[in-house]
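Working notes, beginning with the structure itself.
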Amino acid sequence: MYDRIKGFRDFYPEEMQARRQVTDTIETVARQYGFREIGTPALERAEMYADKSGDEILEELYAFEDKGGRKLALTPELTPTVARMVVAKQQELSKPIKWMSTRPFWRYEEPQQGRFREFYQTNVDIFGSADPAADAEILAVAADGLTELGLSSEDFDFKVSHRDILGGLLETFGDVNTTAAIRAVDKRAKIDEGQYFELLTDAGLSDSQAREFDELLTTPADSLDELVDFAGTDRVEQAVENLENVLAATEDFGVRKHCTVSLTTARGLDYYTGVVFECFDSTGEVSRAVFGGGRYDTLIEGFGGQPTPAVGFAPGHATLSLLCQRAGVWPEESVTTDYYVLQVGDTRPTAARIARDLRAGGNIVEADIAGRSFGAQLDYADSINADLVVIVGERDLENGEVTLKDMTSGDQKSVPVDAFPGESKSPTFAEF
RNA sequence: UCCGGGUUGGGGUAGUGGUAUCCUUUGGCCUUGUGGUGGCCAAGACGUGGGUUCAAUUCCCGCACCCGGACCCA
């Protein structure tokens with residue numbers, strides 16, 4: 001026996017069926033908003049990640065050299081790839097560019113709850129619109145997707161923040177390492193108070209400034225103007241205005257109720273520039289953020305393109321699954337079968353014809369391909385959750401009939417073989 | 001990379017310094033004409049490498065993998 005690779009998973013049909021349903025639900029919502037599916041390579045040049053984040057990042061990647069001496073890496077995220085694609089066809093793509101895709105990514109990390117070395121994400125991004133409506137549309141797609149999965153505002157909450165508000169406030173304290181300070185904010189909920197303030201002072205804030213800054217972070221949503229008054233800078237004023245405009249748009253888009261302003265939410269990544277948000281389990285049972293997203297207006301430029309605003313989100317399917325299971329809306333993990341065509345004796349020509357007709361109607365249809373006995377076939381039909389069994393037996397065929405068996409009730413009835421399946425694409429037991 | 005806890009048929013378990021219990025599962029048969037409820041038969045396990053020992057699944061060490069956490073979350 002060979003071992004499975006650590007952090008990689010096999011999905012058997014029952015679980016895969018549930019995952020497929022969840023993926024389809026999210027993707028369908030994105031499609032309805034006009035997001036177009038793209039396909040992307042599993043491998044990219046390792047430099048693409050190293051140039052952006054430093055060589056240390058290679059430690060956390062599946063990176064290797066190919067036979068042509070190229071340094072490659074299994075893609076750990078989609079953003080650089082998508083940025084590359086946008087830059088490559090910058091001129092010819094009509095804006096806004098709205099793309100989505102679901103696929104695996106790989107990171108060489110230690111697996112833990114909701115984290116694997118191979119993991120699936122649906123990425124949804126908009127390029128080329130700096131309008132608050134774009135930010136709000138991303139929030140709306142995310143919220144609608146979760147709602148379609150059966151979740152409600154009782155189940156999840158988007159904590160919405162704004163990088164420029166954080167940056168702008170920090171700026172007013174003088175020479176502060178903004179990146180480090182924002183990282184500290186990102187960790188605020190996870191570490192104890194002492195460590196948190198230590199990180200803030202390490203970032204260049206004095207003790208009193210750190211207290212003051214932290215105080216500002218908890219400013220309620222309807223008092224954001226106080227932040228503008230405090231800072232007195234255009235940057236903070238514009239950032240607050242931008243956040244309020246985004247929230248106003250979410251109101252119109254019907255998803256404001258899922259959003260809570262929370263400046264203590266920061267996102268760890270440093271490429272975010274404007275609105276950022278994280279989705280949390282309202283009950284707190286799923287302790288980590290389910291997923292996040294935000295605006296990253298400078299990234300495309302950083303990849304050698306023209307300045308192009310961008311905003312997006314990317315739910316990881318592992319944490320999404322945790323949330324769905326917690327909320328009791330994870331789809332049932334089982335296979336389904338519409339019809340099982342059971343053969344008794346040498347009735348294959350008729351059985352095959354019936355199976356073909358039923359499949360032509362779009363149904364999931366199985367028939368015996370193992371030469372099994374009557375009882376064994378019924379047993380199998382049961383194991384694949386067949387709704388109806390069509391018994392095609394020599395005895396019935398002599399009378400020009402087949403027997404229809406409802407597997408839930410066990411009821412049976414004879415129907416003329418020539419009339420089955422008849423005009424109906426998916427004939428039910430009751431129809432005959 | 002680090003820390004904690006694990007690893008006994010496919011799944012779930014019992015147990016032991018002298019190779020293993022029970023349930024379930026899978027396949028076949030009873031029953032090519034009735035499954036979800038019977039009976040019979042069969043298949044199937046001590047993660048891996050090394051050490052101690054007459055003898056290791058059991059004790060010791062390393063490794064792998066699993067679960068959880070730290071770091072990180074691009």
Side-chain angles (χ1 to χ4, degrees), chain A residues 1-10 12 14 44 46 48-61 63 73-83 105-117 119 121 123 179 183 186-187 190-191 195 266-272 278 287-292 294 296 299 302-303 314 316 318-319 322 337 340 342-348 351 368 370-398 401-412 414:
Chain A
M1 280 297 289
Y2 296 105
D3 289 335
R4 193 156 29 85
I5 301 299
K6 179 178 182 174
F8 285 64
R9 290 170 299 163
D10 301 320
Y12 288 87
E14 292 74 18
E44 292 281 4
M48 196 157 91
Y49 307 104
D51 289 352
K52 186 172 126 208
S53 315
D55 282 345
E56 317 84 62
I57 203 70
L58 296 175
E59 292 302 307
E60 287 147 58
L61 263 46
L74 281 169
T75 53
E77 57 163 332
L78 189 68
T79 308
T81 297
V82 122
F105 295 97
W106 301 270
R107 290 182 192 175
Y108 200 89
E109 291 184 304
E110 289 311 303
Q112 45 191 276
Q113 189 175 44
R115 292 179 69 171
F116 301 92
R117 288 186 170 180
F119 57 96
Q121 260 185 7
N123 281 260
T179 307
R183 278 226 175 105
D186 185 52
K187 289 188 176 151
K190 282 167 121 184
I191 59 182
Q195 288 174 304
R267 300 288 288 152
L269 308 186
D270 22 89
Y271 63 61
Y272 286 113
E278 286 186 336
S287 56
R288 60 185 77 239
V290 178
F291 61 85
Y296 48 103
L299 192 81
F303 272 79
T319 43
L322 290 176
T337 309
Y340 181 85
L342 192 152
Q343 294 170 49
V344 192
D346 186 18
T347 60
R348 195 164 72 187
D368 180 48
R372 287 207 262 222
S373 69
F374 193 106
Q377 289 189 66
L378 263 191
D379 217 344
Y380 178 73
D382 193 44
S383 76
I384 59 173
N385 300 315
D387 291 333
L388 285 176
V389 168
V390 185
I391 301 169
V392 184
E394 287 172 331
R395 202 190 291 164
D396 291 355
L397 281 185
E398 283 172 18
E401 293 178 327
V402 293
T403 301
L404 213 52
K405 183 181 180 75
D406 181 318
M407 290 297 276
T408 308
S409 65
D411 296 345
Q412 303 190 170
S414 293

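Nothing here was measured: the structure is a model prediction, and the numbers come from that model.
Between the P atom of B/G11 and the OH atom of A/Tyr12 lies a distance of 9 Å, rounded to the nearest Å. Rounded to an integer number of Å, the gap from NZ of A/Lys6 to C1' of B/G47 is 15 Å. With rounding to whole Å, A/Glu59 atom CD is found 15 Å from B/C2 atom C1'. Between the CG atom of A/Asp368 and the P atom of B/G33 there is a distance of 14 Å, given to the nearest Å. As a whole-Å value, the separation of A/Leu388 CG from B/G35 P is 18 Å. We find that CG of A/Leu342 is positioned 8 Å from C1' of B/U34, with the value rounded to whole Å. Computed from coordinates, the A/Leu397 CG to B/G33 P distance equals 14 Å when rounded to whole Å.
Residue contacts for A/Phe374: at a heavy-atom cut-off of 4.0 Å it reaches a base atom on one of the strands shown. Counting non-hydrogen atoms under 4.0 angstrom, A/Gln343 reaches nothing in the nucleic acid. Within the nucleic acid shown, A/Glu394 comes within 4.0 Å of at least one base atom, counting heavy atoms only. Using a 4.0 Å heavy-atom distance criterion, A/Leu61 is classed as a base contact. Here A/Tyr271 lies in heavy-atom contact (under 4.0 Å) with sugar-phosphate atoms only. The residue A/Gly316 sits apart from the nucleic acid: no heavy atom pair falls under 4.0 Å. Across all strands shown, A/Thr403 has heavy atoms under 4.0 Å from base atoms, whether or not it also approaches the sugar-phosphate.
Here A/Arg115 does not pair with A/Glu110 in a salt bridge; the nearest charged N to carboxylate O distance is not below 4.0 Å.
B/G68 and B/C30 have their P atoms separated by 47 Å, given to the nearest Å. Separation of the P atoms belonging to B/G10 and B/U48 is 12 Å when rounded to the nearest angstrom. To the nearest whole angstrom, the two C1' atoms, one in B/C61 and one in B/U52, are 11 Å apart. Taking atom C1' on both nucleotides, B/A45 is separated from B/A14 by 13 Å, rounded to a whole Å. Nucleotides B/G9 and B/G49, compared at atom P, are 16 Å apart to the nearest Å. Taking atom C1' on both nucleotides, B/U24 is separated from B/U16 by 24 Å, rounded to a whole Å. Between the C1' atoms of B/U13 and B/G44, the separation comes to 15 Å (whole Å). B/U57 and B/U8 have their C1' atoms separated by 7 Å, given to the nearest Å.
Pairing for B/U1 goes to B/A70, judged as Watson-Crick or G-U wobble with the two contacts each under 3.5 Å. Nucleotide B/A64 forms a Watson-Crick or G-U wobble pair with B/U7, both donor-acceptor distances falling under 3.5 Å. When both distances must be under 3.5 Å, the Watson-Crick or G-U wobble mate of B/A43 is B/U25. For B/G38, the paired base is B/C30 (Watson-Crick or G-U wobble, both distances below 3.5 Å).
Here A/Tyr272 pairs with nothing under the ring pair (Phe, Tyr, Trp, His ring centres under 6.0 Å) rule; sequence neighbours left out.
Minimum heavy-atom separation, A/Phe291 to A/Ala314: CB-O, 3.7 Å. Of all heavy-atom pairs spanning A/Phe116 and A/Gly7, the tightest one is CB-O, 3.3 Å.
Annotation: of the two residues near RNA chain B, A/Thr79 and A/Gly375, the 5′-most nearest-nucleotide partner is A/Gly375. Between A/Phe8 and A/Asp411, the residue whose closest nucleotide on RNA chain B is further toward the 5' end is A/Asp411.
If you take CG on A/Asp346 and CD on A/Glu394, they are separated by 6.5 Å, rounding to the nearest 0.5 Å. Residue A/Leu388 holds its CG atom at 8.0 Å from OG1 of A/Thr408, rounded to the nearest 0.5 Å.
The shortest distance between the side-chain N/O atoms of A/Arg395 and the OP1/OP2 oxygens of B/U32 is not below 4.0 Å.
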Sequence-aligned protein contact record of nucleotides 68-73 of chain B, with B where the base is within under 4.0 Å of a protein heavy atom and S where only the sugar-phosphate is: SBBBBB
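Using a distance-only test at 3.5 Å, with no hydrogens or angles considered, a donor-acceptor pair links the side chain of A/Thr347 to the main chain of A/Val392. In this structure, A/Arg117 contributes its side chain and A/Arg107 its backbone to no donor-acceptor pair below 3.5 Å. Panel note: side chain A/Glu109, backbone A/Glu60; no donor-acceptor pair is recorded below 3.5 Å.
Taking a 6.0 Å sphere around CZ of A/Arg348, one finds it holds 12 or fewer heavy atoms contributed by other residues, nucleotides or ligands.
Proximity note for A/Ser373 (side chain, C-beta onward) versus B/U34, B/U32, B/G28: the nearest is B/U32.
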Using side chain to side chain donor-acceptor pair (under 3.5 Å), reason through A/Gln377 and A/Tyr340 one step at a time and then give a plain yes or no. CA-CA 9 Å; A/Gln377 289 189 66; A/Tyr340 181 85; 3.1 Å; yes
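Glycosidic conformation of B/U34: anti, with the torsion beyond 90° of 0.
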Under 3.5 Å between N/O atoms: give me all the protein pairs with nucleotides 36-45 of chain B, atom names plus distance.
unit_1	atom_1	unit_2	atom_2	d
B/G36	O4'	A/Asp382	OD2	3.1
B/G36	N2	A/Met407	O	3.1
B/G36	N2	A/Thr408	O	3.0

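Looking only at side-chain heavy atoms (C-beta outward), A/Val389 and A/Gln412 stay at 4.5 Å or farther from each other.
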